[in-house]
Amino acid sequence: MRLRPVLAGLLTAVALTVGAPAPAPAGADTASGTFQQVTGFGANPGNLAMYSYTPAGLPTGAPLVVALHGCQQSAADYYRDSGWTTFADRYGFAVVFPQTGSANNSLSCFSWFDAAKDARGVGEAESVAEMVARAESLYGSDGNRVFVTGLSAGGGMAADLLADYPDLFAGGAIDSGLPARCATTQAAASGCQNSDQGLTPAQWGDRARAGYPGYSGPWPRVAIWQGSADTVVKPVNATELRDQWTDVQGVGRRPTGTRSLPGGTTEDDYADAAGRPAVAVFTVAGMGHGLAVDPGSAADQCGATGAYFLDAICSSYHTARFWGLDGGGPTTPGLPAPSGLTAAPVGASSITLAWQAVSGAASYRVYRDGAVVGSTTGPSFTDGGLAPGTAYGYAVAAVDAAGAVGARSATVTGTTGGGAPPCFTDDNYDHVRAGRATQSGGQTYALGSGQGMGLWNTFVTHTLRQTAPGYFVLADGQC
């Protein structure tokens with residue numbers, strides 16, 4: 001059991017109306033449960049309001065997700081447009097929507113940049129921790145499966161919370177946000193949003209570890225979402241977040257798997273020694289500042305477009321799967337999820353899966369990237385016809401003799417074999433001319449990954465590795 005104890009410029013935004021959300025505001029996603037304010041959740045030193053969504057028929061022992069809005073937004077905005085209720089209903093978990101307001105910050109931003117408000121045991125951070133304790137008491141949530149996500153300033157606060165309370169959160173997602181402890185004053189916030197802070201991965205890791213000195217338990221798994229054309233929170237923040245959380249997790253900064261997703265999105269995974277992604281970076285090509293949504297009724301679609309809810313890909317779906325929340329909701333039939341799933345490459349075009357047999361299973365259904373790709377009567381399966389050098393996400397579910405499909409396993413990543421990705425060494429000016437990088441304000445950024453490359457001129461030279469179509473990463477001295 002784990003222990004308990006922003007937008008249009010995070011600090012300069014176009015005004016939107018912010019107020020107390022009315023119950024169950026209408027939105028593109030149809031929600032079956034209850035959205036309501038919860039009062040009396042603790043001392044509340046951060047002066048926040050607590051709202052929650054609980055699906056109909058939610059059992060005890062279900063996961064809990066905390067979702068933090070961006071500047072000039074409200075809990076109702078995030079409830080209505082982010083898509084999280086779709087997956088709360090489908091997979092079976094409660095969602096807490098904390099809300100700040102103009103009394104705390106003139107633009108209703110969470111105070112990710114204020115050391116008196118974003119640290120363990122104080123201010124807004126403590127208020128969120130108190131909300132988690134209250135939700136666990138009210139809904140019987142599983143204290144080992146609590147997750148936090150946030151957009152922009154909410155993303156910056158989510159990163160701080162992961163550093164402050166690694167004993168409370170099993171995973172996090174930072175959408176168009178900033179590294180933990182990037183700024184400790186409001187005056188320093190703009191520099192974090194716009195420029196490389198010049199810290200090493202170890203220094204970034206130390207900033208996160210300083211959130212809970214002496215902590216020696218497991219660290220949360222972290223998903224990082226970034227638009228490559230974001231001019232409010234520059235793409236360098238995603239690189240710094242990757243450096244921070246791979247260092248904290250003790251994994252390398254070279255992707256162990258890369259795959260292409262809808263909406264021009266590239267996912268880079270950074271796996272631990274067991275092959276389980278500990279950090280994932282999702283880069284949405286051409287997207288500006290906001291949360292990626294994809295309105296529609298397909299299994300991988302969600303949300304509604306609006307101010308800073310941008311039509312690209314359903315980030316909530318992929319985040320929920322990254323956290324392993326797709327293991328079945330409250331109506332899932334009785335067969336348990338298969339355990340011990342592994343995925344091993346067989347040459348350049350096949351991956352073989354194996355798992356522990358489930359008692360009572362007549363067959364097994366195999367999922368690749370969320371879609372059914374086959375079935376088998378035994379606890380193994382080979383998936384063929386795949387692209388070389390490509391990562392795929394797999395899960396399996398047991399099927400009983402009556403055809404009822406049980407809970408899905410946790411998702412694992414398998415990568416096919418293949419040749420090494422191509423590398424290109426050139427000066428920054430020619431990298432931009434060749435379409436491998438972009439420039440903004442005289443600075444150069446790798447296309448796709450958004451990694452900072454320095455001044456846009458012929459005097460700065462770098463090596464870029466192409467890991468996917470339209471996606472390049474810095475590879476100086478690695479090719």
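Because the structure is predicted, anything quoted here is derived from the model rather than measured.
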Inset, instruction - State, with a plain yes or no, whether a side-chain heavy atom of Ile313 is found less than 4.5 Å away from one of Pro262. - result: yes

Inset, instruction - Provide the closest heavy-atom pair for Tyr394 versus Asp383 in the form atom of the first, atom of the second, distance. - result: OH-OD2, 2.6 Å

Legend entry - Qualifying salt bridge (Lys or Arg N to Asp or Glu O under 4.0 Å) pairs, either residue in residues 302-319, two or more places apart: none

Inset, instruction - Take Glu240 and Arg207 through the test side-chain contact (heavy atoms from CB on, under 4.5 Å) and record every step on the way to the result. - result: CA-CA 12 Å; Glu240 292 170 334; Arg207 290 198 177 190; over 6 Å; no

Legend entry - Where Thr444 and Ala437 come nearest, the two heavy atoms and their spacing: CG2-CB, 3.8 Å

Inset, instruction - Without swapping roles, check the side chain of Gln244 against the backbone of Ala180 for a donor-acceptor pair under 3.5 Å. - result: yes

Inset, instruction - Indicate the atoms forming the closest heavy-atom contact of Pro388 with Thr416, along with that distance. - result: C-OG1, 3.3 Å

Legend entry - From CG (Asp430) to CG (Asn457), nearest 0.5 Å: 11.0 Å

Inset, instruction - Could you tell me whether the side chain of Tyr165 and the main chain of Gly121 form a donor-acceptor pair under 3.5 Å? - result: yes

Legend entry - Gly42 backbone acceptor or donor facing Arg134 side chain under 3.5 Å: no

Legend entry - Side-chain donor-acceptor pair present, Asn105, Ser111, cut-off under 3.5 Å: no

Legend entry - Val132 side chain reached by Leu168 side chain, heavy atoms, under 4.5 Å: yes

Legend entry - Pair Tyr317, Asp294: side-chain N/O donor-acceptor within cut-off below 3.5 Å: no

Inset, instruction - Give a yes or no on whether a salt bridge exists between Asp426 and Arg436, defined as a side-chain N under 4.0 angstrom from a carboxylate O. - result: yes

Inset, instruction - Spell out, as yes or no, whether a donor-acceptor pair under 3.5 Å connects the side chain of Asn237 to the backbone of Gln193. - result: yes

Legend entry - Heavy atoms of other groups near Arg276 CZ, more than 12 under 6.0 Å: no

Inset, instruction - Would you mind reporting whether Gln203 and Asp247 have side-chain heavy atoms less than 4.5 Å apart? - result: no

Inset, instruction - Indicate yes or no for a side-chain donor-acceptor contact from Gln99 to the backbone of Ala75 under 3.5 Å, with no hydrogens or angles considered. - result: yes

Legend entry - Residues Glu126, Asp164; criterion side-chain contact (heavy atoms from CB on, under 4.5 Å); working and verdict: CA-CA 9 Å; Glu126 174 59 20; Asp164 297 339; over 6 Å; no

Inset, instruction - Report the distance from atom CD1 of Ile174 to atom CZ of Arg242, rounding to the nearest 0.5 Å. - result: 14.0 Å

Legend entry - Test item: side-chain donor near acceptor, Asp268 and Thr258, under 3.5 Å: yes

Inset, instruction - Please check if the side chain of Asp118 supplies one atom and the backbone of Glu124 the other of a donor-acceptor pair under 3.5 Å. - result: no

Using atom types as modelled, flag every donor-acceptor pair under 3.5 Å from a side chain in residues 225-232 to any protein atom, sequence neighbours excluded.
unit_1	atom_1	unit_2	atom_2	d
Trp225	NE1	Thr319	OG1	3.0
Gln226	NE2	Asp230	OD2	3.4
Gln226	NE2	Val233	O	3.0
Ser228	OG	Gly286	N	2.7
Asp230	OD1	Val232	N	2.8
Asp230	OD1	Val233	N	3.0
Asp230	OD1	His289	ND1	3.3
Asp230	OD2	His289	ND1	2.8

Legend entry - Rounded distance (nearest 0.5 Å) linking atom OG1 of Thr438 with atom CH2 of Trp456: 10.5 Å

Inset, instruction - Taking all heavy atoms of Leu353 and all of Ala343, pick out the closest pair and write down the distance. - result: CD2-CB, 3.5 Å

Legend entry - Residues, nucleotides or ligands: over 12 heavy atoms within 6.0 Å of Phe424 CZ: yes

Inset, instruction - Could you check if a side-chain atom of Phe35 sits within less than 4.5 angstrom of a side-chain atom of Phe97, using non-hydrogen atoms only? - result: yes

Legend entry - Under 3.5 Å donor-acceptor, Ser449 side chain and Phe472 backbone: yes

Legend entry - Option passing ring pair (Phe, Tyr, Trp, His ring centres under 6.0 Å) with His69 (candidates Tyr79, Phe309, Phe110, Trp84): Phe110

Inset, instruction - Any chance you could measure Thr239, atom OG1, to Tyr445, atom OH, to the nearest 0.5 Å? - result: 10.0 Å

Legend entry - Heavy-atom pair with the smallest gap, counting every atom of Tyr270 and Arg253: CE2-O, 3.2 Å

Inset, instruction - Measure from the side-chain N and O atoms of Gln249 to the backbone N and O of Pro220, and report whether any donor-acceptor pair falls under 3.5 Å. - result: yes

Inset, instruction - Carefully, step by step, assess Arg433 and Tyr429 under the rule side-chain contact (heavy atoms from CB on, under 4.5 Å). - result: CA-CA 6 Å; Arg433 291 188 62 191; Tyr429 179 77; 3.1 Å; yes

Legend entry - Donor-acceptor contact below 3.5 Å, side chain Gln197 vs main chain Ser195: yes

Inset, instruction - Run the numbers on Ser315 and Leu291 for side-chain contact (heavy atoms from CB on, under 4.5 Å), then give the verdict. - result: CA-CA 7 Å; Ser315 57; Leu291 182 75; 3.5 Å; yes

Legend entry - Test item: Asp196 and Gln443 side chains (from C-beta on) under 4.5 Å apart, heavy atoms: no

Legend entry - Shortest non-hydrogen contact from Leu151 toward Ser176: CD1-CB, 4.1 Å

Legend entry - Residue pair Val279 / Ile224, side-chain heavy-atom distance below 4.5 Å: yes

Inset, instruction - Hey, can you tell me if Tyr215 and Tyr212 have their rings parallel, tilted or perpendicular (30° and 60° cut-offs)? - result: parallel

Inset, instruction - Taking atom types as modelled, find out whether His462 and Asp476 have a side-chain donor-acceptor pair closer than 3.5 angstrom. - result: yes

Legend entry - Any pair counted as disulfide bond (SG atoms under 2.5 Å apart), so long as it reaches residues 145-260, sequence neighbours left out: Cys182-Cys192

Inset, instruction - With rounding to the nearest 0.5 Å, note down the distance linking CG in Leu178 to CH2 in Trp112. - result: 4.5 Å

Inset, instruction - Would you check if Leu464 and Gln451 make a side-chain contact, meaning some heavy-atom pair closer than 4.5 Å? - result: no

Inset, instruction - Nearest 0.5 Å please: distance from the CG atom of Leu455 over to the CG atom of Asp427. - result: 12.5 Å

Legend entry - Min side-chain heavy-atom separation Phe87-Arg321 under 4.5 Å: no

Inset, instruction - Using modelled atom types only, decide if a donor and an acceptor are shared between the side chain of Glu130 and the backbone of Asn44 within a distance under 3.5 Å. - result: yes

